[in-house]
**Q** 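My questions will all concern the structure given below.
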Number of protein chains: 2
Amino acid sequence: MEPKRTTVRDLRRHNRSTLLSKLFFDGPLSRHELSQLTGLSAATVSNVTAELVEDRLIVEAGLVESDGGRPRVLLRVDPKYAHVVGIDVGETGVKVELFDLAMTRLAAVDHQLNSVEPDPAEVVARTADGLREVIEAAGVTESSVLGVGIGVPGTVEKGTRTLVHAQTIGWDAVPLPTMLRDQGIRLPLFLDNGAKTQGQAEMWFGAGRGARHAVIVLVGSGVGAAVITDGQTYAGYSSSAGEWGHTTIVYGGRQCRCGARGCLEAYAGAEGILDRYRKARGGRGVVDTDEQAALAALIAAADTSKTAARVLDETAGYVGAGIANLINLFNPERIVMGGWAGLALGEQWLEAVKRSTADHALRHPYEQTSIEMCKLGPDAVAVGAATLPVAALLDAGGDPRESPRSVA
Amino acid sequence: MEPKRTTVRDLRRHNRSTLLSKLFFDGPLSRHELSQLTGLSAATVSNVTAELVEDRLIVEAGLVESDGGRPRVLLRVDPKYAHVVGIDVGETGVKVELFDLAMTRLAAVDHQLNSVEPDPAEVVARTADGLREVIEAAGVTESSVLGVGIGVPGTVEKGTRTLVHAQTIGWDAVPLPTMLRDQGIRLPLFLDNGAKTQGQAEMWFGAGRGARHAVIVLVGSGVGAAVITDGQTYAGYSSSAGEWGHTTIVYGGRQCRCGARGCLEAYAGAEGILDRYRKARGGRGVVDTDEQAALAALIAAADTSKTAARVLDETAGYVGAGIANLINLFNPERIVMGGWAGLALGEQWLEAVKRSTADHALRHPYEQTSIEMCKLGPDAVAVGAATLPVAALLDAGGDPRESPRSVA
DNA sequence: CGACTAAGTTAGCGCCATAATTTAACATCG
DNA sequence: CGATGTTAAATTATGGCGCTAACTTAGTCG
């Protein structure tokens, strides 16, 4: 409805972006291969790569002899061109990790949070500390850091000020970037929901590689999803799309902590599973303050206890129906299952989940979809956050910090 | 992951498309206004519009005097440049309508189908007949028809051959375009799901105008939805996205005609509503072979019968929960409710639907969404189908039939 | 009737991608 | 062991495109 904007030398930017992305994802390539893979003419590839080499974004990486003929010179993104930081702001702690452009981890720190409901000020302080610590530990200069990606629990609203809303931990309109600026952080910041950054990591380096339409499903204490449509993380109108955990799956059913009834999370989230088990045993459940240990105990008990096995079978049923809803609505080519509870369940119940999905999804879209386990685990939130500044670099086809080409 | 393709004079095409779309949607505009609205320079606007005028796509449409200064010349898309046909292939009949480029209906025919489960061959024959009839009735030449949009029940798979799958009426991989070609139809064909074309109509001319993220929800005999993300109808990996009617809303609940249990359609589809009413009265329901009449009777009965009122209240509850799922997953800025049953319910139960939606959706995305009734009604399927060739024209920035500019 | 104002057009410039051509670096063969 | 062929990469020539800036056109107003 509003097809605005012009197009002039964005063309050059677009081609820089295309070539840079190809090199980043598909390793070292010769100019000739680049030309074939992108459809750009050899001349343009030469031209643009020369520019990228001059900008130090890419470097030559050895030659490959051909069967008679000039050997091709391989090009790749220079891992040392810049660094990126990924931060996982969780409910219990703040993880800060520093990577080079090849996404090799150079330093990492992990700060536990004292309070149960994390205070924004404490999170900001630990984040700023961690940022300084990893930069020092890795022995890099601050100016070499391209940007800082931050995965947060809750939704990120991008307006005049970027605000974080996290209903479950009581954050309402927390201006995290502004608060970090006040702590003296001057680096470019990229915020997104933690589930979305984890999904991004899985798409770039994990089970999602190669798919253009995928949903990364995360089952943990909470239940969430990252939806990728046409290669892009789907955000919706106000960046709160993909709230899979709070879709109604049992109308009028169990109370969820979000206030509604019958949410998927109330059945398939760790708390919901454990509570259903407790109820099934007439009040006596697995006793453990740590949800992860409790769920592990429940899974172990399934070998001998019929009740435990039934509760977990039912869980697979709910998860499968939830996945079927995603398939019916988004029609993805791949579903990737992750999250700590998802991983724990996946080992034995993946087939049951698939059966339930098949029972609840329409035949045609179901047959187009593969369901797989994730490859990266919950640590991927920080990696995924770190991909945000890299994605900005790739999209802009060059360093977004130096707006137009300063070195003419 | 695969950022391919090149960009050369697609730039010109892009700008032609931008200007043409602006003129199409936002009525007559002067060159100056176009320049401001699109961000293109005045020179480029002059240049491109001159080309469009030469191609007879746009024409001058009077002047507007300004307060001192040269009066602006208004430009608009020439309605007579070409015609388009929209076809609504329904379960009971085939509607064929012919429009000019301003989407004014010039002719229409409606062929009833004899069989209950429509035979593809019969549909194709009636479609081909209708097409010839409207062209004759409108007194236009076949060569002036830009293309034919067809809305079909079921999903459209676009591969080497375009195939139609409609589980409910027993169509499995019906090659509709090929069959129409065999009937002597040579015009460009555009197929899509009927719900999606109706959604498109609502987005262009109805309650969806101006929204970039919206879901058009259709409640009738079946239950479906058209999802618009970022201004585009969302299709997914194999064009079967948006199957809202078969998402699970009551795990383990009522049997649905798709074979699964607890689908939204089994509760909120007309058949589901009537059957629930029948059950609530111990077997005695509204007796009528015509679903529309039966539902109207049920709605009328709600004034006096507590049972009828309760069944319809519950229906609003289910629909609301289903809409909440759409809001949580897609985070649209607008929900538009349509379909014949949706329209019938909407008059009295819209508030109840909204309450249920509020109860089941997360607060933040719910507050960003407005829920409205559709403006066009079920007749819009054909109009929406007719927009498909128009959309192709606008996207290409000119007549796609004459591939590159033949008149140099 | 000439100054003023706004719309629209023309001229010149720089940028960019393609195609054709040239240079470079090998392998193989007679 | 140099001539020849082959493939990769760089260079040059060419044409298209949109932008800026100057200019023309067409009205109104004093």
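Given the structure is predicted, the values throughout are model-derived calculations rather than measurements. Here is the naming used below: chain letters follow the sequence lines, and residue numbers restart at 1 for every chain.
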**Q** Could I get a table of every N or O pair under 3.5 Å where one atom is in the protein and the other is in nucleotides 13-16 of chain D?
**A**
none

**Q** In whole Å, I'd like the distance from the CD atom of A/Glu51 to the P atom of D/dA10.
**A** 14 Å

**Q** Taking the side chain as C-beta and beyond, is there a heavy-atom pair between A/Val53 and A/Val59 under 4.5 Å?
**A** no

**Q** If you measure only the distance, is there a donor-acceptor pair under 3.5 Å linking the side chains of A/Ser238 and B/Asn331?
**A** yes

**Q** Without decimals, in angstroms, what is the distance between A/Leu34 CG and D/dA8 C1'?
**A** 13 Å

**Q** May I have the distance from A/Leu19 (atom CG) to C/dA17 (atom C1'), rounded to whole angstrom?
**A** 12 Å

**Q** Just by distance, with hydrogens left out, do B/Thr229 and B/His213 show a side-chain donor and acceptor under 3.5 Å apart?
**A** no

**Q** Nearest whole angstrom, please: distance from the P of D/dC17 to the CG of B/Leu40.
**A** 14 Å

**Q** Look at the side-chain N and O atoms of B/Ser41 and state whether any lies under 4.0 Å from the OP1 or OP2 oxygen of D/dT20.
**A** no

**Q** Can you list the residues that meet the side chain to side chain contact (heavy atoms under 4.5 Å, CB included) rule with B/Ala43, with sequence neighbours excluded?
**A** B/Ser41

**Q** Please list each protein N or O that sits under 3.5 Å from an N or O in nucleotides 8-10 of chain C, with the distance.
**A**
unit_1: C/dG8; atom_1: OP1; unit_2: B/Val73; atom_2: N; d: 2.8
unit_1: C/dG8; atom_1: OP1; unit_2: B/Val73; atom_2: O; d: 3.3
unit_1: C/dG8; atom_1: OP2; unit_2: B/Arg31; atom_2: N; d: 3.3
unit_1: C/dG8; atom_1: OP2; unit_2: B/His32; atom_2: N; d: 2.9
unit_1: C/dT9; atom_1: OP2; unit_2: B/Ser46; atom_2: OG; d: 2.3

**Q** Can you list the residues that meet the ring pair (Phe, Tyr, Trp, His ring centres under 6.0 Å) rule with B/Phe205, with sequence neighbours excluded?
**A** none

**Q** Under the salt bridge (Lys or Arg N to Asp or Glu O under 4.0 Å) rule, collect the residues that match up with B/Asp78, sequence neighbours excluded.
**A** B/Lys80

**Q** Taking side chain to side chain donor-acceptor pair (under 3.5 Å) as the test, write out the residues that go with A/Thr233, two or more places apart.
**A** A/Gln200

**Q** I need the CD-C1' distance between A/Gln36 and D/dA8, as an integer number of Å.
**A** 11 Å

**Q** May I ask you to decide whether A/Arg31 forms a salt bridge with A/Glu60, counting only side-chain N to carboxylate O separations under 4.0 Å?
**A** yes

**Q** Can you tell me how far P of D/dC17 sits from CZ of B/Arg13, to the nearest Å?
**A** 11 Å

